[in-house]
Amino acid sequence: MSRTLYSELRTIYETTEADPHTFRITIKLKDLVDGGILRAAVDKTMERYPYFRVRMIADGDEIRFGENPAPVPVLNTHERITLGSGQTEGHLLAFCYSWNRLYIDVFHGLTDGGGIYPLIRTLFFYYLSDLYGKEFSAEGIRLSGDSVAPAEWEDPAERPLPERRRIAVPKWNKPAFQMADVVPLTDDCAVYNLRIPEEEFMRFNISNDGSPATIVALLLARTIDALYPDADRPPVIAICVNQRKALHAPLAHQSLVGDVRLPYQRRMRDLPFSAQATCFRGMVTLQSDEDMVQNEIGDYQDLMFRLAGMKTHGERRKCCVERMETISRSLTATVSYVGKANFGDVEPFIQEFEVLPSTALPSTHVPLTVEMSALHGYFFLNFMQYFKGEDIFMTFIRQLRENGIDYDVLNVAEARWPMMELPF
C-alpha cells in the first residue's frame, strides 16, 4: 500500500552520506542465533507490521513509501549494510546476525526507538518460542493475525493543532560549549558500553529527585564542566523526548522524537547534587509538557509548509541540513532513553542490549551521545564519542564512583550502523 509522507520528510532530507540517519540495535543472546528459525520469526513478525514492509519511492518531486513485496532481509553478517539498496531489496529495515548477536538495522525516517520496540517484542516472542519450544506469555505483544489499528498508521504530526500558547520556559537556543573547540573531532566513533544494576540506580535516582535520563544528563554535564571549568559557555545536554504522549498518539509508528535542553549553568556548581538534579528535573518537566511539544510540532508543520514550496530535492535537503547545523550549535551532548524494554518473559535470554544511532555524528548533531536502555535488571549505557582520548569517559566513570553507583564496563568498540541509499 502506497502512502504519502509527512513527518518522515524532515529526516529523509537531513540524510546524507556523512549522516545516514540510521540506528543499529545489537542484542547479545544467551545462545547462538539460529538463522532458519530467525527467518521464520521475521516473516511471521512482519505480517503484523505492514507499515514497515516498505520501500522509498521518488516520483518527480514527491517522495512516498510503497509496499515492498520482497521479504525483509535476514543476513548472516555483523558488517555494516546499506538500507534502501539492492542489498536489502529496498527495505528500510533489516535483521542481521552473527554467533549469538542479533542486529536490527533501521532507517530513522521509518521509525524511532518507541516505534521499533513493539516489533522487537513480537520478534522475540516468535523466535524464542520456536528456538526453545516454550510457551511464553503473549500479554502486551502484538501478534500476526491481529487487526492493525488506524492509530498505528496515522501520522499525529499531520493533525491540526490547538492554537499555540505562550510557553513558560523557552528552549535554550544560545551557543553552547562545543567539544570541537577543545578536542579534534574524528570520523570514527568509539563506543564504551556500561552496565548499571537497575534497582540500585533507581534508588539513587529517587533519592535525588531524578529520573534515569535526567541523572545521566546531570552526570554528563558535571563531567564536561569538571574537565573544562573555565569555558565561557555552559555545557548543554539534550534529552530526547518521545512526543507520542503529548500528541495523544501512543500507537503511532513514525519517528516522533523531540528534545529538552538542559544548560549546566555556572551558578549550579555550588549546589548539592540533589539540588542540581531538581533543577534539571524541573527543566525537563517544563519543556516536555503538552503545550511545549505541540509548539514543537507546530514548528515542524511550518517546516513542512516551507519544504512544499521548494522545487527540488536539493533545495529541501539544504534547508533541513542547515536547520540541524543551527540546532547543533546550541547543544554539547545528547542523552537518549526510550524507557524500559518490557520484553516480558524473554528477557532472561538477553545478556546485553546496545542502541547506536548514526545521528551522533558531528556533521549535523553533536559528537557525544549516551544511549540508554533498560531490561532484565540492568541499565545499559552506550557512551559514543567522535574524538580521541578517554578523558570524558574516565571522568564520567569517576562521577559514578563518587556517587556510589555500581557499574561494569562491558566492552569498547568502534560503532557500526547501517548506511542509507536514497532514491534521488
Side-chain angles (χ1 to χ4, degrees), residues 15-29 33 73 75-85 87-88 93-108 113 116 178-180 182-196 216 220 223-224 227 240 328 332-338 350-373 378-397 400 407-421:
T15 297
T16 63
E17 184 176 351
D19 190 349
H21 278 269
T22 61
F23 60 95
R24 163 168 276 194
I25 298 175
T26 300
I27 305 158
K28 182 180 178 183
L29 297 171
V33 176
L75 306 171
N76 185 2
T77 181
H78 68 279
E79 298 293 341
R80 179 176 295 183
I81 66 169
T82 302
L83 297 170
S85 70
Q87 183 183 21
T88 63
L93 167 71
F95 301 86
C96 303
Y97 67 96
S98 178
W99 296 96
N100 63 339
R101 282 179 166 81
L102 172 65
Y103 307 94
I104 303 174
D105 291 337
V106 188
F107 176 51
H108 230 317
I116 204 66
Q178 299 290 305
M179 293 303 304
V182 293
V183 292
L185 301 186
T186 63
D187 293 331
D188 299 323
C189 178
V191 184
Y192 300 83
N193 294 311
L194 294 170
R195 182 175 62 190
I196 298 175
V216 170
L220 191 56
T223 293
I224 296 167
L227 283 170
C240 296
S328 69
T332 307
T334 300
V335 171
S336 177
Y337 175 47
V338 175
I350 300 172
Q351 294 183 327
E352 296 175 18
F353 196 88
E354 172 187 273
V355 182
L356 299 181
S358 73
T359 46
L361 284 161
S363 57
T364 52
H365 283 227
V366 293
L368 178 59
T369 291
V370 178
E371 280 282 343
M372 301 175 59
S373 313
Y378 291 99
F379 282 97
F380 294 92
L381 274 62
N382 310 122
F383 193 99
M384 307 172 60
Q385 64 175 50
Y386 277 87
F387 44 86
K388 294 186 183 299
E390 297 188 339
D391 287 353
I392 293 282
F393 178 70
M394 295 308 297
T395 306
F396 183 81
I397 289 294
L400 295 178
Y407 67 90
D408 292 308
V409 180
L410 299 177
N411 55 66
V412 182
E414 181 182 340
R416 283 196 184 102
W417 47 77
M419 302 304 292
M420 180 65 203
E421 183 176 299

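What's counted below: heavy atoms across the whole structure, side chains too, no hydrogens, waters or symmetry copies.
- Contact detail for Met372 and Leu381: the closest heavy-atom pair is CG-CG, 4.1 Å.
- No side-chain heavy atom of Thr77 sits under 4.5 Å from any side-chain heavy atom of Ser98.
- Between Tyr192 and Phe383, the ring planes lie perpendicular to each other; the angle is over 60°, past the 30° to 60° tilted range.
- For the pair Ile81/Leu75, a side-chain contact is recorded, criterion being any heavy-atom separation below 4.5 Å from C-beta on.
- Residues Ser85 and Glu421 share a closest heavy-atom pair of CB-OE1, 3.5 Å.
- The only option from Leu410, Ile27, Asn100 that meets the side chain to side chain contact (heavy atoms under 4.5 Å, CB included) definition with Glu352 turns out to be Leu410.
- Of the inter-residue distances, the one linking Leu102 atom CG with Tyr97 atom OH reads 10.5 Å to the nearest 0.5 angstrom.
- One distance of note links CG of Asp19 with CH2 of Trp417; it measures 8.5 Å at 0.5 Å rounding.
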For side chain to side chain contact (heavy atoms under 4.5 Å, CB included), just list the numbers for Ile350 and Leu29, CA-CA rounded to whole Å, side-chain angles, deciding distance to a tenth of an Å, and then say yes or no.
CA-CA 5 Å; Ile350 300 172; Leu29 297 171; 4.1 Å; yes
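- In this view, Asn411 and Asn193 satisfy the side-chain hydrogen bond (donor to acceptor under 3.5 Å, both in side chains) rule, not counting sequence neighbours.
- Between Leu93 and Leu83, the closest side-chain pair of non-hydrogen atoms is not below 4.5 Å.
- Going from atom OH of Tyr407 over to atom CD1 of Ile196 covers 10.0 Å, rounded to the nearest 0.5 Å.
- When all heavy atoms of Asn382 and Val355 are compared, the closest pair comes out as OD1-N, 3.0 Å.
- The CD1 atom of Ile104 sits 9.0 Å away from the OG1 atom of Thr26 when rounded to the nearest 0.5 Å.
- When all heavy atoms of Leu194 and Val409 are compared, the pair lying nearest together is CD2-CG2, 3.6 Å.
- The minimum heavy-atom distance between Asp391 and Thr395, with the atom names listed, is O-OG1, 2.7 Å.
- Looking at heavy atoms from C-beta onward, Lys388 lies in side-chain contact with Thr186 at the 4.5 angstrom threshold.
- Between Thr332 and Leu368 the shortest side-chain heavy-atom distance does not fall below 4.5 Å.
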After noting the C-alpha distance and the side-chain angles of Glu354 and Phe380, does the key distance pass the side chain to side chain contact (heavy atoms under 4.5 Å, CB included) rule?
CA-CA 7 Å; Glu354 172 187 273; Phe380 294 92; over 6 Å; no
Given side chain to side chain contact (heavy atoms under 4.5 Å, CB included), test Phe396 with Leu220 step by step and report yes or no.
CA-CA 6 Å; Phe396 183 81; Leu220 191 56; 4.2 Å; yes
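- The CZ atom of Arg195 sits 4.5 Å away from the OH atom of Tyr378 when rounded to the nearest 0.5 Å.
- Taking 4.5 Å as the limit, every side-chain heavy atom of Thr334 sits out of range of all side-chain heavy atoms of Val370.
- For the pair Arg24 and Cys96, the tightest heavy-atom approach, listed with the atom from each and the gap, is NH2-SG, 4.2 Å.
- Qualifying side-chain hydrogen bond (donor to acceptor under 3.5 Å, both in side chains) partners for Gln385, counting only residues two or more places apart in sequence or in other chains: none.
- In terms of modelled atom types and a separation under 3.5 Å, the side chain of Thr22 and the main chain of Pro418 share a donor-acceptor contact.
- Taking the ring centroids of His21 and Phe107, they lie at or beyond the 6.0 Å cut-off.
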Please test Ile392 against Met179 for side chain to side chain contact (heavy atoms under 4.5 Å, CB included), starting from the C-alpha separation and ending with a verdict.
CA-CA 10 Å; Ile392 293 282; Met179 293 303 304; 3.9 Å; yes
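- The CD atom of Glu79 sits 4.5 Å away from atom CZ of Arg416, with the distance rounded to the nearest 0.5 Å.
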